[in-house]
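Heads up, the thing below is written out as C-alpha cells.
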Amino acid sequence: MPRTITFPIAIVLTLWCAARTLVVDALAGPLERVEFEGASQRLISGGLIPGDRIQGYLAKPEGTGPFPAVIGLHGCAGMPDTTKRKLVDELVGWGYVVLLVDSFSTRGIEHACTGGGFDVTGKRTSDAYGALAFLAGQTFVDPQRVAAVGFSQGAWVTLLVAEANSFELFVHPSNSRFRAVVAFYPLCIAVAGRPVIPTLILIGALDDWTPAADCSRKIDAWGADGAPVEQVIYPGVHHSFYYPELQPGRTMFGHWLEYNEEAATDATRRMREFLKRHLN
C-alpha cells in the first residue's frame, strides 16, 4: 500500500495553481492563447442561456492542414504544467491540432473539487461545444474529425457530450459533432445516457474518487448495442495516474492521487490507437 502523504489544501492548491500558470510561459512557442464563446444552451421554454467567454490554448502541427483535432478538458483543479506539456507534445506529434480549454480563468474559479460539480459541468459542456465551434472555424482543422479528451471532471464532460441528447441541448453555428471521446478516470455514476460515439475509458482499480466499479456497472447496463465503449482498468492504480506531478502520491480533497508511469504509458498508447482508428 502507498505511504500516505497529506498536504494542507491551501499548500496543495498554491503549488497546483502555480504549475497551471507556468504552462503559458513554458509553452509560449507552440501554444497560442485564444478566446471563444461557449455554446448557448436551449431552455424548454424556448429561451437561451448564453455561453460564457472562455480562454483556451491552441497548438497545431506544421503545415496548412486540414488536420484532425482534439479538445482537451482539465480536471476539477485545472491541469498542471508538466501534464499540459506532455499532452500537447503527444497529440501534436501524432498530427492533431490541440485546443486545451480553460474553463476556470475567465470565471475566477480556483478549483471546483469540493461542491457544485453539477452546475460546473453544465457550463463546461457549453465550453466543450464552444471549443468545437471555434475549431470548426479554423481553416487548418477538419471539423468532421474532432475528438474530446478529458481528465476526471473533464472526463465526466466528455461522457456528457457523447450522450444522444447532448448535441440538441445547445445551439451550434455549424453542424460539427464530436467523433469520439477519451475519458481518463471519469465520474461514471453521474452519467445516464449511453455514449452514441466511440468512447474509451481509462481508469485505475484503486481509484477512490471516481471508482472503476461505477463505470463497469454503467457499461454493463448500457449493453453492447451501439457505438463501441471500451474500458481499461489498471490494477493497483489510483486517480490521476496520468499526471507526472503526482509523484510521490498525495492526498488531495480527501482522495489519494498518484502518478503511475506504466499505466500512463499504456493509456497513451491506447489513446493514440483509438484516435487513429476513429479520426483518421
Fill in: N/O donor-acceptor pair under 3.5 Å between R194 side chain and A227 backbone
yes
Worksheet item: Within the distance-only criterion (no hydrogens, no angle test), does the side chain of E90 pair as donor or acceptor with the backbone N or O of T268 below 3.5 angstrom?
Response: no
Worksheet entry | Euclidean distance, T210 OG1 relative to I203 CD1, rounded to 0.5 Å | 4.0 Å
Worksheet item: Is there a side-chain contact between L135 and L58, using heavy atoms and a 4.5 Å cut-off?
Response: yes
Discussion item. Test your reading of the model: is there a side-chain donor-acceptor pair from R124 to the backbone of W156, 3.5 Å cut-off?
Written reply: no
Practice prompt. List for me each residue that meets ring-ring contact (aromatic ring centres under 6.0 Å, His included) alongside F178, sequence neighbours excluded, and say none if there are none.
Written response: Y129
Discussion item. Any heavy-atom pair between the side chains of S166 and T125 that's under 4.5 Å?
Written reply: yes
Item to complete: Would you check if the side chain of S240 reaches a backbone N or O of E258 as a donor-acceptor pair within less than 3.5 Å?
Response: no
Practice prompt. Quick one: list whatever passes salt bridge (charged side-chain N to carboxylate O under 4.0 Å, His left out) with E230, sequence neighbours left out.
Written response: R277
Practice prompt. Given side chain to side chain donor-acceptor pair (under 3.5 Å), test Y234 with D207 step by step and report yes or no.
Written response: CA-CA 10 Å; Y234 295 103; D207 194 319; over 6 Å; no
Discussion item. How long is the straight-line distance from CZ of R33 back to OH of Y57, given to the nearest 0.5 Å?
Written reply: 3.5 Å
Practice prompt. Determine, stepwise, if the pair M271 / V149 fulfils side chain to side chain contact (heavy atoms under 4.5 Å, CB included).
Written response: CA-CA 9 Å; M271 175 170 62; V149 174; 3.9 Å; yes
Worksheet entry | Polar side-chain atom of E163 near backbone of L159 as donor-acceptor pair, under 3.5 Å | no
Worksheet item: Roughly how far, to the nearest 0.5 Å, is CG of L206 from CZ of F241?
Response: 12.0 Å
Worksheet item: Is there a donor-acceptor pair under 3.5 Å between the side chain of T83 and the backbone N or O of Y243?
Response: no
Response to the item:
Heavy-atom nearest pair, A155 first then T158, reads O-OG1, 2.5 Å
Item to complete: Establish whether L160 and I49 are linked, either directly or via other cluster members, by ILVMFWY side-chain heavy-atom contacts under 4.5 Å.
Response: no
Practice prompt. Given side chain to side chain contact (heavy atoms under 4.5 Å, CB included), test V70 with L87 step by step and report yes or no.
Written response: CA-CA 10 Å; V70 173; L87 183 64; over 6 Å; no
Worksheet entry | Between CZ on residue R269 and CG on residue D266, distance to nearest 0.5 Å | 4.5 Å
Fill in: Side chain E245, main chain T82, donor-acceptor under 3.5 Å
yes
Worksheet item: Does anything in residues 218-229 pair up under side chain to side chain donor-acceptor pair (under 3.5 Å), and if so which pairs, sequence neighbours excluded?
Response: none
Discussion item. If the condition is side-chain hydrogen bond (donor to acceptor under 3.5 Å, both in side chains), which residues does R53 pass it with, not counting sequence neighbours?
Written reply: E35, E37
Worksheet item: What is the distance from atom NZ of K60 to atom CG of L99, rounded to the nearest 0.5 Å?
Response: 14.0 Å
Worksheet item: How far apart are the closest heavy atoms of S216 and Q231, and which atoms are they?
Response: OG-NE2, 3.2 Å
Worksheet item: Shortest non-hydrogen contact from A77 to C113?
Response: N-SG, 3.6 Å
Worksheet item: What is the minimum heavy-atom distance between A180 and F274, and which atoms define it?
Response: CB-CE2, 3.7 Å
Worksheet item: Can you say whether the rings of Y242 and F151 are parallel (under 30°), tilted (30 to 60°) or perpendicular (over 60°)?
Response: tilted
Discussion item. Apply side chain to side chain contact (heavy atoms under 4.5 Å, CB included) to residues S126 and D52 and explain how you reach the verdict.
Written reply: CA-CA 8 Å; S126 164; D52 295 330; over 6 Å; no
Item to complete: To the nearest 0.5 Å, tell me how far I71 CD1 sits from L100 CG.
Response: 10.5 Å
Item to complete: Look only at the side chain of R145 and the backbone of L279, and say whether a donor-acceptor pair between them is shorter than 3.5 Å.
Response: yes
Discussion item. Take a 6.0 Å sphere around CG of L48 and say whether it holds more than 12 heavy atoms from other residues, nucleotides or ligands.
Written reply: yes
Discussion item. Taking ring pair (Phe, Tyr, Trp, His ring centres under 6.0 Å) as the cut-off, I'd like each qualifying pair that reaches into residues 61-94, sequence neighbours left out, listed once.
Written reply: H74-F104
Fill in: Minimum heavy-atom distance D102-I54, with the two atoms named
O-CG2, 3.4 Å
Worksheet entry | Residue pairs involving residues 194-215 (criterion ring pair (Phe, Tyr, Trp, His ring centres under 6.0 Å); sequence neighbours excluded) | W209-H239, W209-H255
Worksheet item: Checking side chain to side chain contact (heavy atoms under 4.5 Å, CB included) for the pair S176/V146: CA distance, chi angles, key distance, verdict?
Response: CA-CA 8 Å; S176 300; V146 181; over 6 Å; no
Practice prompt. Please name the pair of heavy atoms, one in V161 and one in A128, separated by the smallest distance, quoted to 0.1 Å.
Written response: CG1-CB, 4.1 Å
Worksheet item: Hey, is the main chain of R270 close enough, under 3.5 Å, to the side chain of E273 for a donor-acceptor pair?
Response: no
Practice prompt. Considering only NZ, NE, NH1 and NH2 on the basic side and carboxylate oxygens on the acidic side, decide whether R107 and D127 come within less than 4.0 Å.
Written response: yes
